[in-house]
Amino acid sequence: MIKLYSNFLVSGVLASTILLCPIAYADNGKLLGTGAVTSIEGAGGGGIVPWATTASYAEKGEWGFTVNGNFADVDDFQLGVQSLNATYGNRIEVSYAQQRLGLNTIGGDLKQEIYGLKVRVAGDVIYGDLPQLSVGVQHKRNTTFALPEAVGATDDTGTDVYVSAAKAWLAGPFARTWVANLTLRATKANQLGLLGFGGDKNDDYEAMAEASLGMFINRHWLVGAEYRQKPDNLGFAQEYDWRDVFVGWFPNKSVAVVVAYVDLKSIAGLPDQSGAYASVQISF
Amino acid sequence: MNYFAILLAALALLLGSTTAQARTDASLYQELGAKQGISDLMAVFVLEIAQDERVIHHFDNVDIDRFHRMLSQHLCELTGGPCEYTGADMVEVHTGMAITRAEFNAIVEDLITAMEKEGIAVSTQNRLLAILAEFHGEIVGQ
């Protein structure tokens with residue numbers, strides 16, 4: 001637990017250092033906010049939903065990198081995520097994430113690693129009529145499998161495949177800039193994969209819908225909500241859909257900070273898992 | 001599931017409303033301070049471009065006074081003002097310049113900075129940006 005907090009603290013300190021530093025670390029060619037933030041699975045996106053946007057501010061011919069920390073604290077669990085993300089040319093995004101779910105009430109923890117790849121196949125989030133369309137994969141490997149196996153999970157590895165569409169309206173309702181993202185994911189992952197893949201109740205891929213909607217109050221502040229459908233593969237406890245409402249802050253192209261209220265319903269039979277979420281993203 | 005339905009409904013509403021938002025009426029021209037306001041804004045904008053090393057090389061042989069006059073005239077027309085743009089179309093103007101996506105965005109950032117300096121409201125900024133973003137396809141990569 002201390003390690004998690006300290007990692008998050010390091011991200012925070014690093015972020016504030018960059019905030020106070022006048023040098024532009026990320027002088028890349030995309031517009032502020034269009035790199036979005038980093039989701040809990042390491043992909044560029046919202047908090048719980050990967051978006052069709054590519055991470056960082058790298059435009060055509062440019063490289064971009066992000067370092068991220070995400071943290072969620074609900075009644076009986078704490079999720080900590082650290083991730084790295086490399087993007088080339090507003091086209092290809094490669095990510096690596098480590099997730100750790102602390103089981104405060106049950107004891108112990110669940111961990112996994114996620115290797116992600118996302119490719120923008122068409123469109124642009126801001127320009128043109130077409131939404132930005134991307135396809136992605138997330139290959140997940142449990143590093144702790146004893147508990148998932150004990151509750152009926154079939155595999156300790158799994159691969160999610162998703163398609164995402166993202167669109168921004170520069171002058172939407174209230175003459176504010178709005179952004180929407182819809183993601184369809186084929187998955188067997190139980191609780192993101194932290195409880196393994198497939199199970200006694202269902203062992204097939206299923207399609208899940210995930211959506212985010214946000215409004216930029218001005219250039220720097222984004223408010224919005226997300227919803228993520230989840231499969232229900234394990235007989236021991238029902239798995240529920242997740243949702244959150246968030247506030248994102250984009251002070252410059254180097255840093256993005258998100259705070260959110262998450263409602264994760266019941267996890268592993270423990271009801272009413274709601275609480276706070278925060279993430280820090282540093283872009284290079 | 002209810003929550004999801006609300007999100008989708010909001011999305012549908014958004015899609016529906018954008019067609020209405022795309023129209024231009026004279027109110028945007030007035031919000032920008034009419035002819036004088038647009039001229040002032042374009043003067044600040046041109047100064048921002050002049051200091052922007054990412055794009056300034058494109059303006060090496062440009063007659064700045066004429067550029068300012070044409071920009072102001074074009075914006076006046078686009079925002080519903082009583083002007084007629086007499087310059088060449090955007091494809092013709094930018095042909096051979098090979099403007100990149102990053103350079104287009106740099107110009108957008110210069111315009112946003114200029115609008116901030118002129119104290120233009122976010123809603124007005126967004127309505128202008130939405131109109132100008134339509135030219136992306138005609139300007140980039142020509």
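Order of the sequence lines sets the chain letters (A, B, ...), proteins ahead of strands, with each chain counted from 1.
- There is no contact between A:Asp129 and chain B, counting heavy-atom distances below 4.5 Å.
- When the heavy atoms of residues 51-60 of chain B are compared with those of chain A, the residues falling under 4.5 Å are B:Arg54, listed by number.
- Contact check for B:Glu109 versus A:Lys253: side-chain heavy atoms found under the 4.5 Å cut-off.
- When the shell of 6.0 Å around CG of A:Asp272 is examined, it contains 12 or fewer heavy atoms from other residues, nucleotides or ligands.
- Counting only heavy atoms from C-beta outward, the side chains of A:Arg219 and B:Gln125 approach each other to under 4.5 Å.
- Atom NZ of A:Lys201 has more than 12 neighbouring heavy atoms from other residues, nucleotides or ligands inside a 6.0 Å radius.
- By the 30° and 60° cut-offs, the orientation of the rings of B:Phe104 relative to A:Tyr127 is perpendicular.
- For the pair B:Ala133 and A:Leu170, the tightest heavy-atom approach, listed with the atom from each and the gap, is CB-CD1, 3.5 Å.
- Using a 4.5 Å cut-off between heavy atoms, B:Leu128 does not touch chain A at all.
- You'll find the side chain of B:Thr100 stays beyond 4.5 Å of the side chain of A:Glu62, heavy atoms only.
- Side-chain polar atoms of B:Asn105 and A:Tyr57 form no donor-acceptor pair below 3.5 angstrom.
- Residues B:His136 and A:Asp124 are not in side-chain contact: their nearest non-hydrogen atoms beyond the backbone lie 4.5 Å or more apart.
- Interatomic distance, CG of A:Leu32 versus CD1 of B:Ile112, reported as 8.5 Å (0.5 Å rounding).
- Atom CZ in B:Arg101 sits 4.0 Å away from atom CD in A:Glu59 (nearest 0.5 Å).
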